[in-house]
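This is a predicted model, so every value here is computed, not measured. So that the names make sense, note that chain A is the first sequence line, chain B the second, and so on, each numbered from 1.
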Number of protein chains: 2
Amino acid sequence: MASGGRATLKTIAELTGLHVSTVSRVLNGTTSGARAASAATAERVRQVALEVGYVPDIQAAGLRRQSSRLLGVMMARLTDQVLASIYEGVERTATQHGFHTMVSNSWDDPATRQAHVSMLLSRRVDAMIFGDAHVDGAFLAGFAAHGVPFVLVNRRAGDHPSVTCDDLAGGQLAAEHLYALGHRRVGVVAGLPYAANGIDRTAAFTRYFAERGHPVPGDQVVHASFDAAGGALAAEKLLDRAPHPSAIFAVSDFAAIGVLGVLRERGLRAGRDVAVVGFNDVPIAAQLTIPLSSVRNPMYEVGARGVDLLVRMMRGEPPERITLAPELRIRESSASPYTGA
Amino acid sequence: MASGGRATLKTIAELTGLHVSTVSRVLNGTTSGARAASAATAERVRQVALEVGYVPDIQAAGLRRQSSRLLGVMMARLTDQVLASIYEGVERTATQHGFHTMVSNSWDDPATRQAHVSMLLSRRVDAMIFGDAHVDGAFLAGFAAHGVPFVLVNRRAGDHPSVTCDDLAGGQLAAEHLYALGHRRVGVVAGLPYAANGIDRTAAFTRYFAERGHPVPGDQVVHASFDAAGGALAAEKLLDRAPHPSAIFAVSDFAAIGVLGVLRERGLRAGRDVAVVGFNDVPIAAQLTIPLSSVRNPMYEVGARGVDLLVRMMRGEPPERITLAPELRIRESSASPYTGA
DNA sequence: TTGTACGCGTTATCAT
DNA sequence: ATGATAACGCGTACAA
């Protein structure tokens, strides 16, 4: 515990009568094996460092070393539990690799994203993780020019290296399940139109039904934000059609919760009148009053493996596009077979 | 858009034939009014800076300026939507004040907290925001020795400066509401025992009932984590008592959702058999199949005002303890009056 | 208006 | 085993 004015290597050097470079060596454990500082000296330095409450200045070290050991992370919004979970995986894994992380919300807004990325570049991040990629890839094309390595998580884009849930497989799992229950008139809450995860989940889902002779009408695929409000808005549109769909697939659990709310307002019961399947399997899905069927997305692992991949790339290993397997979790919101019109 | 190797002031200086200090002045807009660089020079510098894709090195600037313009933020877990919302307020407001933020999850674990705080100190944060304070204040007492200004949000502790929801008022709002409905046999899901927000909400709630001659028995106040799993666990305990409570107050909405789940498993209906009131009023509370009554916590504002306070303190203004008013939102989970044992 | 010189805290290299 | 020196990129007092 020290007080007041920052203690630096210089401070310690003066107090011990040694020279700054020597102090630095001791504190960094530099000089391997035989050529270490004398045990006595080392001990003295460490002692003084503790007394004066020395805290190394990573920034200054980074300036000299030309490497910040800092990873920049862009997320659309941390209030989205899915993105927050991915970030947890990122933070923990980065720490294991000796990196710190700095995260920002882009709100899926180009200007905000640009501003925050400039900020991170100014802080000399060694690499970037993007969890908010837009499928058009315009921003990333420009960013690549900076020469800063990066990996996408959550949403793929173009052929940039990425770690995502296998969203195509996930969309198909949901489709297979509802189709097997006998549903043929289905609707989709499709997520934001520029997010590849929603796009892929929706594409695989609608393709499955189309291939079996039951194409999903265009007006039964509604784009919306991934939260409950978005899901509610989309559900209003889907249920305005007569006859209403017998099953709804929402590409996010929170959107699905919005759907459940609207169903109830209209006197329909989820799981009996309309089957509902969500995506991600966030913790509350299983705790809802009508437990929600969902496609499990290994969110934490997406973040963790994203950092692993990035670290490998920084070592010169080749970029990859990794997808992690989803799993269907059937619960009451889609447990009973479809019984007629 | 530039390529490859980092461009610095030096790069620009060489390209323009000017000297580094001149370039620096232009790019910083230094030299007020009359003594500005000649318009022609300034324009040329800016032009070249753009061409080579110059990105200023904030770290180096901070080293020189002895101020990082960086705020450190500690949260228990960003997957808690409440904390993520508070962080949004922090991030946005900090940006407005010209600060960047660096956030870490402490998991409410002392060792992890210590490690991350050391990291932030190493990065020379100008100040700190703690959203994960423990009521004992042991950690903060030690931290204060560093001389780095800080403000607490979400959870108060001791007489440290803080911005929180008025949790006492909030707990009382919940109590008044349930008491007025006729409930006398009530239970509380009280949150983590070291978190002041849960403590205050619980204290005000139980005091209200005690003062009216209906003290809440000790075994009807159950501590649990703030998430759905914690709420479920606590609900099991509360409902094992016979007769079971006619109303349950959970100090967090997600815990309340866990309660709703358990009620249903036991064949009890929330709002009819057992009234439930949550806290925070997160967006999904209103969207649930049985909409959840909740005490609204101005989460975003808590974060925003926390930064405002911190900035004022850094300017030398006195520390404060600020509380923001909660509001009761009555919904179906506690809408009907109590009708007998 | 522009140039010179130095220091911020650290690490790498060379000399002792 | 330790000391001396330079350099990372930037900002600022002072001189021209």
**Study point:** Salt-bridge contact A/Asp126-A/Arg69 (side-chain N to carboxylate O under 4.0 Å)
**Key:** no

Revision key, fill the gap. Which of B/Asp108, B/Asp109, B/Asp132 passes salt bridge (Lys or Arg N to Asp or Glu O under 4.0 Å) with B/Arg77? Answer is B/Asp108

Practice item. To the nearest Å, give me how far apart CG (B/Leu63) and C1' (D/dA7) are. Key: 13 Å

Exercise for review: Report yes if at least one side-chain N or O of B/Thr41 is closer than 4.0 Å to OP1 or OP2 of C/dT1; otherwise report no.
Suggested key: no

Point to revise | Between C1' of C/dG9 and CZ of A/Arg64, the distance in whole Å | key: 12 Å

Review point. Ring centroid separation for A/Phe139 and A/His134, is it under 6.0 angstrom?
Key: no

Check your understanding: Just to confirm, is there a sub-4.0 Å distance from OP1 or OP2 of C/dT10 to any side-chain nitrogen or oxygen of A/Asn28?
Key -> no

Point to revise | Length of the CZ-C1' vector between A/Arg65 and C/dT11, whole Å | key: 8 Å

Review point. Whole-Å distance between D/dG9 P and B/Arg6 CZ?
Key: 10 Å

Practice item. Using a 4.0 Å heavy-atom cut-off across all strands, classify B/Ser21 as base, sugar-phosphate, or nothing. Key: base

Check your understanding: Which part of the nucleic acid, if any, lies within reach of A/Thr8 when heavy atoms closer than 4.0 Å are counted: base, sugar-phosphate only, or nothing?
Key -> sugar-phosphate

Check your understanding: Roughly how many Å is it from CZ in B/Arg69 to P in C/dC8, rounded to a whole number?
Key -> 19 Å

Practice item. For B/Arg25 and C/dT4, give me the distance from atom CZ to atom P, rounded to whole Å. Key: 11 Å

Exercise for review: May I ask you to decide whether A/Arg124 forms a salt bridge with B/Asp57, counting only side-chain N to carboxylate O separations under 4.0 Å?
Suggested key: yes

Exercise for review: Calculate the interatomic distance between B/Leu27 atom CG and D/dC10 atom P; express it in whole Å.
Suggested key: 9 Å

**Study point:** Side chain A/Arg124 and base D/dG9 donor-acceptor under 3.5 Å
**Key:** no

Study note, to complete from the structure: Whole-Å distance, A/Leu9 CG to C/dG7 P, equals 17 Å

Study note, to complete from the structure: Closest to the 5' end of DNA chain C, once A/Ser24 and B/Gln66 are matched to their nearest nucleotides, is B/Gln66

